[in-house]
Amino acid sequence: MKRILITGGAGFLGSHLCDKLIEQGNEVLCLDNFFTGSKDNIIHLLANPRFELIRHDIINPIFLEMDQIYNLACPASPVHYQYNPIKTIKTNVMGTINALGMAKRLNAKILQASTSEVYGDPDVHPQKEGYWGRVNPIGPRSCYDEGKRAAECLMMDYHRQNNVKVKIARIFNTYGPRMALNDGRVVSNFVVQALKGEDITVYGDGSQTRSFCYVDDMVDGLIRMMESDDSFLGPVNLGNPHEFRIMDLAKTVISMTGNRSKIVHRPLPQDDPMQRNPDISLARKMLGWQPHVNLEKGLERTIEYFRKAI
Ligand code: NAD
Ligand code: UDP
């Protein structure tokens, strides 16, 4: 049994990670400021003596005891991370320094939830970990993109300077139950719109692509990364290598919900990446990991969740 801290543990990914780590017999400390997370996501764990909930903002220092840290605290949806961009970059920089400070004090292992956004709007496809990216440093997405890049830099510097055991996972678009209804990301938007019979809002002409990973696969990848040999720091891409056009996602969601929503077009947000697809050969080799849930199966479970939530 390990004692494991998850910052951002009441969020979408964090809450699924709490479930899995509890199921494996660990003690879990779930830290969250509830900016985008919700007590509903972890309410079923509150009575468990191996689970502890800490309301705290990770930009402020905190002293806790643990063996491992998953550093997930940070809003992930463009709508939410652009709502207060200064707070977003503070969370990524000051929050990561505070988490790394704890790891250093306790000789604990720390995994950083990084992102495919470190590649920006890429000119290399699919993206491999060795690609340095094409990020606009001064645009509306840079609080998140540059924040996450700075967090990766901090992880590597704490490792080189202080021997902290670090791990970097670059997460590509992940979806599933417990995404917030107002999350603003594409899968939850389309499913909620279709279930309510509202228009499906495709930004731009819908030819831009993303690769969608179901949450259970992602949680499995994150745990494998944490448990891998200390000498493997990453960064490692975690995501589903099947690439879909956003327009095709809209059509699939309409046909799977059986509703008659119309597709309407809205302006493409500034700096919206045109193509995104992970090369996961490193994860396959080092972690023996690859996703198993295809888009149809994952969407079925997600639609079922949102049907109840609505
Ligand atoms: P989410 O918004 O559901 O979860 C983020 C959680 O962090 C929320 O519970 C939020 O309240 C909490 N949080 C935010 N700022 C905080 C702060 N200052 N102090 C304490 N808690 C704070 O998003 P998610 O999809 O679960 O993402 C989790 C992590 O994974 C994020 O770091 C995100 O950048 C990363 N990620 C996710 C995806 C994805 O597609 N889901 C892709 C790439 C990276
Ligand atoms: N998108 C869309 N309609 C929506 C929400 C998003 O067409 O209602 C598009 C968005 O412009 C982007 C893709 O879907 O091209 C994925 O967006 P999301 O916000 O989920 O995450 P991103 O990968 O851009 O961080």
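Since we're looking at a predicted model, the values are computed, not measured. In listed order, ligands and their atoms are each counted from 1.
Using a cutoff of 4.0 Å between basic side-chain nitrogens and carboxylate oxygens, Arg210 and Asp272 are scored as salt-bridged. Ion pairing between Asp121 and Arg141 fails under the 4.0 Å rule for side-chain N and carboxylate O. Ionic pairing of Lys297 and Glu300 is present here: one or more N-O contacts between side-chain nitrogen and carboxylate oxygen are shorter than 4.0 angstrom. With respect to Lys20 and Glu23, a salt bridge is recorded, a charged nitrogen being found less than 4.0 Å from a carboxylate O.
Using a 3.5 Å distance cut-off with no hydrogens or angles, the side chains of Asp216 and His292 do not pair a donor with an acceptor. Counting only N and O atoms by type, the side chains of Ser281 and Asp279 include a donor and acceptor under 3.5 Å apart. With 3.5 Å as the limit, one finds no donor-acceptor pair spanning the side chains of Asn136 and Ser142.
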Pairs under 3.5 angstrom, nitrogen or oxygen on both sides, ligand 2 versus protein: list them out, please.
from: ligand 2; atom 1: 3 (N); to: Thr201; atom 2: O; distance (Å): 2.6
from: ligand 2; atom 1: 7 (O); to: Tyr203; atom 2: N; distance (Å): 2.7
from: ligand 2; atom 1: 8 (O); to: Asn189; atom 2: ND2; distance (Å): 2.8
from: ligand 2; atom 1: 8 (O); to: Thr201; atom 2: O; distance (Å): 3.2
from: ligand 2; atom 1: 8 (O); to: Thr201; atom 2: OG1; distance (Å): 3.0
from: ligand 2; atom 1: 8 (O); to: Tyr203; atom 2: OH; distance (Å): 3.4
from: ligand 2; atom 1: 11 (O); to: Asp272; atom 2: OD2; distance (Å): 2.7
from: ligand 2; atom 1: 15 (O); to: Gln208; atom 2: NE2; distance (Å): 3.0
from: ligand 2; atom 1: 15 (O); to: Arg210; atom 2: NH2; distance (Å): 3.3
from: ligand 2; atom 1: 15 (O); to: Asp272; atom 2: OD1; distance (Å): 2.6
from: ligand 2; atom 1: 15 (O); to: Asp272; atom 2: OD2; distance (Å): 3.4
from: ligand 2; atom 1: 20 (O); to: Val186; atom 2: N; distance (Å): 2.8
from: ligand 2; atom 1: 23 (O); to: Asn173; atom 2: ND2; distance (Å): 2.9
from: ligand 2; atom 1: 23 (O); to: Arg210; atom 2: NE; distance (Å): 2.7
from: ligand 2; atom 1: 23 (O); to: Arg276; atom 2: NH1; distance (Å): 2.7
from: ligand 2; atom 1: 24 (O); to: Arg141; atom 2: NH2; distance (Å): 3.0
from: ligand 2; atom 1: 24 (O); to: Arg210; atom 2: NH2; distance (Å): 3.1
from: ligand 2; atom 1: 25 (O); to: Arg141; atom 2: NH2; distance (Å): 3.0

Would you mind writing out a table of all protein N or O atoms found under 3.5 Å from any N or O atom of ligand 1, naming both atoms and giving the distance to 0.1 Å?
from: ligand 1; atom 1: 2 (O); to: Thr36; atom 2: OG1; distance (Å): 2.6
from: ligand 1; atom 1: 3 (O); to: Phe12; atom 2: N; distance (Å): 2.9
from: ligand 1; atom 1: 7 (O); to: Cys74; atom 2: N; distance (Å): 3.4
from: ligand 1; atom 1: 9 (O); to: Gly11; atom 2: N; distance (Å): 3.0
from: ligand 1; atom 1: 9 (O); to: Asp32; atom 2: OD1; distance (Å): 3.1
from: ligand 1; atom 1: 9 (O); to: Asp32; atom 2: OD2; distance (Å): 2.6
from: ligand 1; atom 1: 9 (O); to: Gly37; atom 2: N; distance (Å): 3.2
from: ligand 1; atom 1: 11 (O); to: Asp32; atom 2: OD1; distance (Å): 2.6
from: ligand 1; atom 1: 11 (O); to: Asn33; atom 2: OD1; distance (Å): 3.3
from: ligand 1; atom 1: 11 (O); to: Phe35; atom 2: N; distance (Å): 3.0
from: ligand 1; atom 1: 11 (O); to: Thr36; atom 2: N; distance (Å): 3.1
from: ligand 1; atom 1: 11 (O); to: Gly37; atom 2: N; distance (Å): 3.0
from: ligand 1; atom 1: 13 (N); to: Asn33; atom 2: OD1; distance (Å): 3.3
from: ligand 1; atom 1: 18 (N); to: Asp57; atom 2: OD1; distance (Å): 2.9
from: ligand 1; atom 1: 18 (N); to: Thr91; atom 2: OG1; distance (Å): 3.2
from: ligand 1; atom 1: 19 (N); to: Ile58; atom 2: N; distance (Å): 3.0
from: ligand 1; atom 1: 21 (N); to: Asn33; atom 2: N; distance (Å): 3.3
from: ligand 1; atom 1: 21 (N); to: Asn33; atom 2: OD1; distance (Å): 3.3
from: ligand 1; atom 1: 25 (O); to: Arg185; atom 2: NH1; distance (Å): 3.1
from: ligand 1; atom 1: 25 (O); to: Arg185; atom 2: NH2; distance (Å): 3.0
from: ligand 1; atom 1: 26 (O); to: Phe12; atom 2: N; distance (Å): 3.4
from: ligand 1; atom 1: 26 (O); to: Leu13; atom 2: N; distance (Å): 2.8
from: ligand 1; atom 1: 32 (O); to: Leu72; atom 2: O; distance (Å): 2.8
from: ligand 1; atom 1: 32 (O); to: Lys148; atom 2: NZ; distance (Å): 2.7
from: ligand 1; atom 1: 34 (O); to: Tyr144; atom 2: OH; distance (Å): 2.6
from: ligand 1; atom 1: 34 (O); to: Lys148; atom 2: NZ; distance (Å): 2.9
from: ligand 1; atom 1: 40 (O); to: Thr174; atom 2: N; distance (Å): 2.8
from: ligand 1; atom 1: 40 (O); to: Thr174; atom 2: O; distance (Å): 3.4
from: ligand 1; atom 1: 41 (N); to: Arg185; atom 2: NH1; distance (Å): 2.9

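Val186 and Tyr203 are not part of a single hydrophobic cluster, where members link through side-chain heavy atoms under 4.5 Å apart.
Judged by the 6.0 Å distance and 45° axis criteria, Arg301 is positioned over the aromatic ring of Tyr214.
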